Undergrad: 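Got a structure here, written out as structure tokens. Questions coming.
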Protein chains: 2
Amino acid sequence: MKLFIPGPVTVRQDVLNEMAKQMIGHRTKDASKLQKDITEKMQKIFGTKNQVLLSTSSGSGLMEGAIRSCTLKRAACFAIGDFGEKWYKMAINNNTPADLFKSELGDITTPEQVDEVLKTGKYDLITVTGNETTTGIANPIKEIGEIVKKYDDVIFCVDYVSSAGGVKIDADDFGVDIAITSSQKSLGLPPGLAFCTFSPKAEDRAKKVENRGSYFDLLNLKSFIDKKDNQYPTTPALSLMYAANFQLDYILNEQTLEKRIQNHKDMANLVRTWAKKHFDLFATEEKYASNTVTCIKNTKNIDVANLIKELKKQDILLGNGYGDLKDKTFRIAHMADFNIDDMQDLLNRIDNILGF
Amino acid sequence: MKLFIPGPVTVRQDVLNEMAKQMIGHRTKDASKLQKDITEKMQKIFGTKNQVLLSTSSGSGLMEGAIRSCTLKRAACFAIGDFGEKWYKMAINNNTPADLFKSELGDITTPEQVDEVLKTGKYDLITVTGNETTTGIANPIKEIGEIVKKYDDVIFCVDYVSSAGGVKIDADDFGVDIAITSSQKSLGLPPGLAFCTFSPKAEDRAKKVENRGSYFDLLNLKSFIDKKDNQYPTTPALSLMYAANFQLDYILNEQTLEKRIQNHKDMANLVRTWAKKHFDLFATEEKYASNTVTCIKNTKNIDVANLIKELKKQDILLGNGYGDLKDKTFRIAHMADFNIDDMQDLLNRIDNILGF
């Protein structure tokens, strides 16, 4: 089964094979080296010199940890779809004071909108979706970052769960304090690992926050790494780390990150061109359409469930619309280790099924 | 490297190979089936008819989730070593009201002690360590359970992280509401998955508790499973689930749980006999010595670090004492898929190094 859903993605067999390696002790020098290697490589993916933290969990775990560990006053959660709203709900579930600022579905979070909210002086942390999987939109993080930089006391958290490894991220340059991703999307790994950057500013903030919990207490993760030579408070998913270390080597050295990013652009362009020909993009402005997943407006009112069913017969898994967008849209992920030929093949199959 | 540390354990190659299988969609019928299969098999390991919850995390995550999700009034945390104390710290880190009741290292938590504490009427949840990895002690959970049953409103949580799969557990019969374990110990799996039972009584309690968080909110996990045909709110570690499903089949059908438990008893007896001949058991009473890990009192004041170093040259990893017990003890794990020959071979090697 080839997975064209926005994660879990189809993983290269070489990467899967890495997981068949035997366990090592998690309190050994080998474990320290493995963890250090992965964090150094993830620094390149995120474009940061700050510490990268690993978590055995989905990306949601680190999103919860970020907002809970680093909000002292109040968090402003900007949402352009379900995953943005989820971040707000995580805050509420933890008694972390937060407000939600929703954009119309299909729109972005604008730098102006962020400025208006931060001007009130009520907020000392913001969460923004870097890549919204439900609507196929990539927010202008660099431009939003320019605004956030005006506010010294604001921690800037970005959800890059479905795009890190497939798009250019310069977290330090953008002023992102906590950039979060997980393994099973554009990085081309199996699910179960999450990663985030952690700026000294975020670390200082967390020191002032009480009630940070345990497993997702980012300050505790950071302190443990510092004290224990890159080890972690609890036993991490070693097999997934073997795979991550191997795949990151492939991405950074064999493939190169530049080519990987270009491949995502090329695949996105192909799918968007096709989508515009037969349907329409869900994104209000094409320049904000995601390079890892395209959300297609079902302008022809096709039977999406049937399309998915027919593709399944051909051993292909496609994503329907998410939540309220279930029948109004469908989604094609073009992420991780697929290439332009894989995407063209998929589009040809859809053309055949729909009689285009 | 053969791992005689109390987790991660050496994993059977067949099990590791399962992880080299390709991803599936986590919102598919195949995913539902996989999750249902694992939970049904884990019910047999735990001896419960209640729902079993899966978590992509270490066991610590579910320990935190249990105490936070189900304490309404106040939790009593009984500790016979570091892992018992950790549970208390997790409560404090979450602003969950809790008190700590420590036994002397080497001793158990007695049913009388639990009765004294519960008699006060201050507590509506207790945490007890089923198997304390740092001291090699198994608490009398059945006997403690008899006491807890007298108190209708008390939720009984037990940490079986390092023993489930290697010892007989009858959670329902013992009156355990939340029994917790993780993959990388006696179950013989790689780290990254955790499992817990969740009784209707615990579920009712959680419904009354506010501020349960998100990722480890046990009620949310249970509700999602109920509503979404055994699926989970976030993407689980599929590769580890393939391995778990395969290994649980092996344990329950090929090996049989009875034989696995007997094998743990046999290995434990061999190691304890050796330990008593040359040193002494750390456990005050041998009948409470764990069947999955033996903590040996360093009565001969041997150089433990050197023993570990010499064994490492022979590609064997042994555990030193934990925390304050570092030089006073050393630990031999006899869990998961080792057998009596593996243990005899290890003891022979130690004899040679120490000149016994």
Side-chain angles (χ1 to χ4, degrees), chain A residues 1-3 5 7-11 13 16-28 30 55-61 63-65 68 86 89-90 93-95 182-184 190-193 210-217 220 232-240 243 312 317 319, chain B residues 1-3 5 7-11 13 16-28 30 55-61 63-65 68 86 89-90 93-95 182-184 190-193 210-217 220 232-240 243 312 317 319:
Chain A
M1 183 80 79
K2 279 174 94 169
L3 305 186
I5 54 172
V9 295
T10 298
V11 177
Q13 190 59 48
L16 294 173
N17 292 345
E18 281 295 302
M19 291 195 291
K21 286 188 179 168
Q22 194 47 266
M23 297 302 106
I24 57 172
H26 66 304
R27 295 288 174 235
T28 59
D30 289 345
S55 170
T56 297
S57 68
S58 77
S60 308
M63 288 166 70
E64 181 178 5
R68 186 182 184 195
K86 276 189 183 167
K89 285 177 193 158
M90 288 171 192
N93 289 344
N94 282 289
N95 273 351
S182 63
S183 49
Q184 81 281 10
L193 277 186
E210 290 179 355
N211 187 25
R212 297 186 306 273
S214 289
Y215 196 84
F216 296 120
D217 173 5
N220 186 42
Y232 279 78
T234 60
T235 318
L238 293 164
S239 320
L240 294 170
K312 206 174 169 188
L317 194 62
Chain B
M1 183 79 81
K2 279 174 95 169
L3 305 186
I5 53 172
V9 296
T10 298
V11 177
Q13 190 58 49
L16 295 173
N17 291 346
E18 281 295 301
M19 292 196 290
K21 287 189 180 168
Q22 193 49 264
M23 298 302 106
I24 58 172
H26 67 305
R27 296 288 174 237
T28 59
D30 289 344
S55 170
T56 297
S57 68
S58 78
S60 309
M63 287 166 71
E64 181 178 5
R68 188 182 183 195
K86 276 189 182 168
K89 286 177 192 157
M90 288 171 191
N93 290 343
N94 282 290
N95 273 351
S182 64
S183 49
Q184 81 280 11
L193 277 186
E210 289 180 356
N211 187 26
R212 297 186 308 272
S214 290
Y215 196 85
F216 296 121
D217 173 4
N220 186 42
Y232 280 77
T234 59
T235 318
L238 293 164
S239 319
L240 294 170
K312 205 173 170 190
L317 194 62

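Here the structure is a predicted model, which means the values were calculated and not measured. A, B, ... follow the sequence lines: proteins, then strands. Residue 1 opens every chain.
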Undergrad: Does any heavy atom of chain A fall under 4.5 Å from the side chain of B:Leu240, the backbone, both, or neither of them?
TA: side chain

Undergrad: Side chain, backbone, both or neither: which part of A:Thr235 has a heavy atom under 4.5 Å from chain B?
TA: both

Undergrad: What residue, out of B:Ser239, B:Pro233, B:Ser214, B:Gly65, has the most heavy-atom pairs lying under 4.5 Å from chain A?
TA: B:Ser214

Undergrad: Just so I understand: if I count every heavy-atom pair under 4.5 Å between each of A:Ala243, A:Gly59, A:Pro190 and chain B, which residue has the most?
TA: A:Pro190

Undergrad: So B:Asn211 and A:Asn93, do their side chains get closer than 4.5 Å, heavy atoms only?
TA: no

Undergrad: Verify, without hydrogens or angle tests, whether B:Gln22 (side chain) and A:Val11 (backbone) share a donor-acceptor contact under 3.5 angstrom.
TA: yes

Undergrad: Using non-hydrogen atoms only, which part of B:Leu3 is less than 4.5 Å away from chain A: side chain, backbone, both, or neither?
TA: side chain

Undergrad: Select, from B:Gly7, B:Ser55, B:Gly319, B:Pro8, the one with the greatest count of heavy-atom pairs under 4.5 Å involving chain A.
TA: B:Pro8

Undergrad: Mind ranking B:Gly25, B:Ser60, B:Ala20, B:Ala237 by heavy-atom pairs under 4.5 Å with chain A and telling me who comes out on top?
TA: B:Ala20

Undergrad: Is there a donor-acceptor contact under 3.5 Å from the side chain of B:Glu64 to the main chain of B:Phe216?
TA: no

Undergrad: Out of A:His26, A:Met1, A:Glu210, A:Met63, which one racks up the most heavy-atom pairs below 4.5 Å with chain B?
TA: A:His26

Undergrad: Among the options A:Gly61, A:Ser58, A:Gly192, pick out the one with the most heavy-atom pairs lying under 4.5 Å from chain B.
TA: A:Ser58

Undergrad: Which atom pair, heavy atoms only, marks the closest approach of B:Lys21 to B:Glu18?
TA: NZ-OE1, 2.9 Å

Undergrad: Side chains of A:Thr28 and B:Leu317: does their closest heavy-atom pair fall under 4.5 Å?
TA: yes

Undergrad: Under a 4.5 Å cutoff for heavy-atom pairs, which residue among B:Arg212, B:Gln13, B:Lys86 has the most contacts with chain A?
TA: B:Gln13

Undergrad: Please find the pair of heavy atoms, one from A:Tyr215 and one from A:Thr56, that lie closest to each other, and give the distance.
TA: OH-O, 2.9 Å

Undergrad: Run the salt bridge (Lys or Arg N to Asp or Glu O under 4.0 Å) test against B:Arg27 and tell me which residues pass, sequence neighbours left out.
TA: none

Undergrad: Among residues at least two apart in sequence or on other chains, which ones pass salt bridge (Lys or Arg N to Asp or Glu O under 4.0 Å) with A:Lys312?
TA: none

Undergrad: Among A:Ser182, A:Ser57, A:Pro236, A:Pro191, which residue has the highest count of heavy-atom pairs closer than 4.5 Å to chain B?
TA: A:Pro191

Undergrad: Check each atom of B:Ser183 against the heavy atoms of chain A and say whether the ones under 4.5 Å are side chain, backbone, both or neither.
TA: neither

Undergrad: Heavy-atom pairs under 4.5 Å with chain B - which of A:Ile5, A:Val9, A:Asn95 has more of them than the others?
TA: A:Asn95

Undergrad: Among A:Asp217, A:Leu193, A:Asn17, A:Leu238, single out the residue with the greatest number of heavy-atom pairs under 4.5 Å to chain B.
TA: A:Leu238

